[in-house]
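Structure first, then comments.
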Amino acid sequence: MNIGIVCYPTYGGSGIVATELGMEMAKKGHHVHFISYSLPARLDVTLANITFHQVNIQEYELFHYQPYSLALSTLMVDIAERYGLDVIHVHYAIPHAYAAYIARQILKERNIDLPVITTLHGTDITLVGKHPVYKSAVEFSINQSDVVTTVSESLKEETYKVFNIRKDIKVIPNFIDTDLFSIEGDCVRKFFAESNEKIVIHVSNLRKVKRVPDVIRIFNSIQQKVDSRLVIVGEGPEWQKAQNLIQEFGIEDKVRYVGKVKNLYSILKIADLFLLPSQQESFGLAALEAMAAGVPVISSNAGGIPEVNLDNFSGYVKPIGAVEEMASAAIDLLSNEEKLKQFKENAYRHSLNFSLENILPMYESLYSELSKKEI
Ligand code: GMT
């Protein structure tokens with residue numbers, strides 16, 4: 001099959017899921033065409049059957065905002081014609097689903113049928129998509145997609161609540177390549193903490209929805225009771241605010257900021273606990289990655305997180321903003337070696353439910369149904 005995948009190239013979860021999905025399909029012998037404004041962060045272009053197509057924007061002084069959707073639709077049309085795409089799968093509705101609708105209409109005039117799958121990832125519904133400036137166009141393009149999927153039950157419910165959707169939405173949870181996370185990373189542990197110290201970790205794009213100041217507050221309480229260090233991975237606008245709090249608490253020597261990392265797996269492997277106190281989270285891919293590395297999670301109960309992190313099993317799930325509750329759950333877990341060992345094992349075991357082998361066939365059968373081709 002010839003599959004088109006449209007995604008954001010950044011470190012955000014939607015781009016990561018799209019990239020991993022495309023690379024797996026390529027490994028199975030399908031030709032996968034990635035379309036984005038720059039090379040997706042985790043895309044390995046040295047793999048066979050993968051082509052990357054960059055959306056090029058022509059700058060013109062008349063435009064205050066360059067028309068990205070137009071350039072994207074045009075590129076989709078070109079690629080569909082040139083490579084005979086069987087299906088196009090867009091990740092994140094804005095503006096990808098809208099651009100796919102236009103591309104499809106153009107192709108129809110040329111007697112080409114291009115089925116469209118739209119996967120909704122979270123903020124394209126819960127934060128950006130429902131805003132009145134986008135709502136009608138987002139609702140329209142979701143309804144025009146041949147198949148719509150969400151990454152959690154919670155996001156599906158939210159989509160029906162926010163928009164007038166006339167289609168069945170299919171839930172296909174996010175997945176991970178569990179083999180990647182099974183590598184040993186203990187050798188780097190000594191660069192992050194003393195042997196008697198526990199390592200607490202947070203990985204995100206440090207945006208407001210992640211409640212990064214809560215991460216610092218929770219850790220501040222933890223380090224008063226448990227010898228520990230905090231490792232922060234990622235880049236984003238809330239880092240400055242977090243730094244101010246770190247200084248205010250006087251815990252600079254206990255917090256290590258590493259920015260974006262290539263080898264996330266090996267850093268996750270050295271951690272004892274993952275913090276995800278988000279305001280909104282349709283799924284929480286970062287938590288799942290931690291669990292696959294055998295790291296329990298203390299999280300909020302936002303959106304789809306409770307479908308990933310099981311309360312009192314793979315970690316603890318507390319109300320959004322309940323910093324002290326999260327801190328005492330963390331202290332309890334980190335102070336009890338037996339329990340911590342059990343929760344690490346539970347986290348890993350539960351992550352296997354979201355393995356590539358379990359989830360990929362769901363996408364494969366969608367592609368096959370829509371293109372009327374055997375996979
Ligand atoms: O906000 C982010 O973390 C990035 C965002 C994205 O679209 O890239 O993540 C969303 O999609 C991820 C992959 O499906 C989910 O794991 C995240 O929970 C979701 N983020 C939010 O809903 C805030």
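As the structure is a computational prediction, the values presented were derived from the model and not from experiment. Counting starts at 1 for both ligands and their atoms, following the listed order.
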Test side-chain hydrogen bond (donor to acceptor under 3.5 Å, both in side chains) on Thr51 and His31; report intermediate values, then the result. CA-CA 8 Å; Thr51 316; His31 292 270; over 6 Å; no
Any N or O of Gly284 that comes nearer than 3.5 Å to an N or O of ligand 1? yes
Compute the shortest N/O to N/O distance between Phe283 and ligand 1 and return yes if it is under 3.5 Å, no if not. yes
For atom 22 (O) of ligand 1, which candidate among Ala93, Ser282, Ala286 holds the nearest heavy atom? Ser282
Where is the nearest protein heavy atom to atom 10 (C) of ligand 1: which residue, which atom, and how far? His121 O, 3.3 Å
N or O pair under 3.5 Å between Gly122 and ligand 1: no
among protein heavy atoms, the one nearest atom 5 (C) of ligand 1 is Gly13 N, 4.1 Å
Say whether Glu248 and Asn244, considering side chains only, have a donor N or O and an acceptor N or O under 3.5 Å apart. no
Pick whichever of Glu158, Gln280, Glu281, Lys210 has a heavy atom sitting closest to atom 17 (C) of ligand 1. Glu281
Is there a nitrogen or oxygen of Val17 sitting under 3.5 Å from a nitrogen or oxygen of ligand 1? no
Looking only at distance, does Thr126 have an N or O less than 3.5 Å from an N or O of ligand 1? no
So which protein heavy atom does atom 2 (C) of ligand 1 come closest to, and at what separation? Asn205 ND2, 3.2 Å
Check this for me, if you would: do Asp272 and Arg189 make a salt bridge, where the nitrogen-to-carboxylate-oxygen distance has to be below 4.0 angstrom? yes
